[in-house]
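Heads up: the structure comes next, in structure tokens.
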Amino acid sequence: MHFCDGFKTEWQNVNVTNFSSSWADGMAFCALIHRFAPHSFDFSKLDPKNRRGNFELAFKVSEDNGIFPLLEVDDMIMMGDRPDWKCVFTYVQSFYKQFRDHP
């Protein structure tokens with residue numbers, strides 16, 4: 001998976017190498033929406049150990065910015081450190097569709 005070169009360095013505690021375990025703590029979801037809605041929250045205050053809080057924040061801000069809520073926080077928590085890659089991929093794809101023309 002390829003993101004802009006700054007994706008790994010601009011957002012602490014985010015290293016996306018797949019569509020499953022890389023998304024398990026919610027930090028990658030937060031980084032993804034933060035890229036398009038940077039004034040919605042202070043990314044530097046997030047804690048990878050606060051999985052539920054990260055998912056809640058990312059999904060809420062995403063929905064507020066036009067992303068249909070395809071994933072549920074409780075489902076992501078239940079899947080542990082190996083979320084279903086097809087679910088994650090489908091959700092991430094919706095970001096591309098929503099923001100593809102966004103600078």
Side-chain angles (χ1 to χ4, degrees):
M1 176 171 183
H2 300 284
F3 287 102
C4 65
D5 291 336
F7 194 81
K8 289 185 182 178
T9 58
E10 186 173 342
W11 291 279
Q12 297 268 332
N13 299 307
V14 176
N15 183 15
V16 176
T17 59
N18 59 55
F19 283 105
S20 184
S21 60
S22 294
W23 301 81
D25 63 7
M27 295 295 288
F29 288 114
C30 287
L32 183 57
I33 192 57
H34 192 261
R35 162 64 178 84
F36 300 105
H39 301 295
S40 296
F41 59 94
D42 183 352
F43 188 87
S44 68
K45 303 280 189 217
L46 300 179
D47 180 355
K49 294 176 188 154
N50 184 6
R51 295 178 63 223
R52 178 172 295 280
N54 295 337
F55 290 128
E56 288 173 349
L57 176 64
F59 296 167
K60 168 80 171 83
V61 174
S62 297
E63 188 172 359
D64 290 349
N65 284 274
I67 302 295
F68 190 78
L70 298 174
L71 297 176
E72 296 287 331
V73 172
D74 288 337
D75 291 339
M76 293 300 294
I77 296 296
M78 184 183 67
M79 287 188 263
D81 65 350
R82 289 278 185 211
D84 182 330
W85 73 267
K86 294 177 288 296
C87 295
V88 173
F89 179 82
T90 301
Y91 188 63
V92 170
Q93 193 175 40
S94 68
F95 282 80
Y96 172 76
K97 290 176 182 174
Q98 178 69 17
F99 297 114
R100 67 179 148 215
D101 297 324
H102 191 280

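- Within the model, atoms CD of Gln98 and CD of Gln93 stand 13.5 Å from one another, a figure rounded to the nearest 0.5 Å.
- For residues 58-77, every residue pair satisfying the ring-ring contact (aromatic ring centres under 6.0 Å, His included) rule, not counting sequence neighbours, is listed here: Phe29-Phe59, Phe55-Phe59, Phe59-Tyr91.
- Across all non-hydrogen atoms, the minimal contact from Asn54 to Asp25 is ND2-O, 3.0 Å.
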Quick one: do Ile33 and Phe99 satisfy side-chain contact (heavy atoms from CB on, under 4.5 Å)? Show the steps, please.
CA-CA 10 Å; Ile33 192 57; Phe99 297 114; 4.2 Å; yes
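- With sequence neighbours left out, the salt bridge (Lys or Arg N to Asp or Glu O under 4.0 Å) criterion links Arg52 to Asp74.
- Counting all heavy atoms, side chain and backbone alike, Ser22 lies closest to Ala28 at O-CB, 3.7 Å.
- Of all the heavy atoms in Ala24 and Arg51, the pair that sits closest is O-NE, 2.8 Å.
- Looking at every heavy atom in both residues, Ala31 comes nearest to Phe43 through N-CE1, 3.5 Å.
- Judged purely by atom type and a 3.5 angstrom limit, Trp23 uses its side chain to pair as donor or acceptor with the backbone of Asn18.
- Glu72 CD to Cys87 SG: the interatomic distance, rounded to the nearest 0.5 Å, is 11.0 Å.
- To the nearest 0.5 angstrom, Met27 atom CE is 13.0 Å from Leu32 atom CG.
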Quick one: side chains of residues 76-85, donor-acceptor pairs under 3.5 Å with protein atoms, not counting sequence neighbours, listed by atom name and distance.
{"unit_1": "Arg82", "atom_1": "NH1", "unit_2": "Ser21", "atom_2": "OG", "d": "3.4"}
{"unit_1": "Asp84", "atom_1": "OD1", "unit_2": "Lys86", "atom_2": "N", "d": "2.8"}

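- The minimum heavy-atom distance between Cys30 and Leu57, with the atom names listed, is SG-CD2, 4.3 Å.
- For the atom pair OG1 of Thr90 and CG of Leu71, the computed distance is 8.5 Å after rounding to the nearest 0.5 Å.
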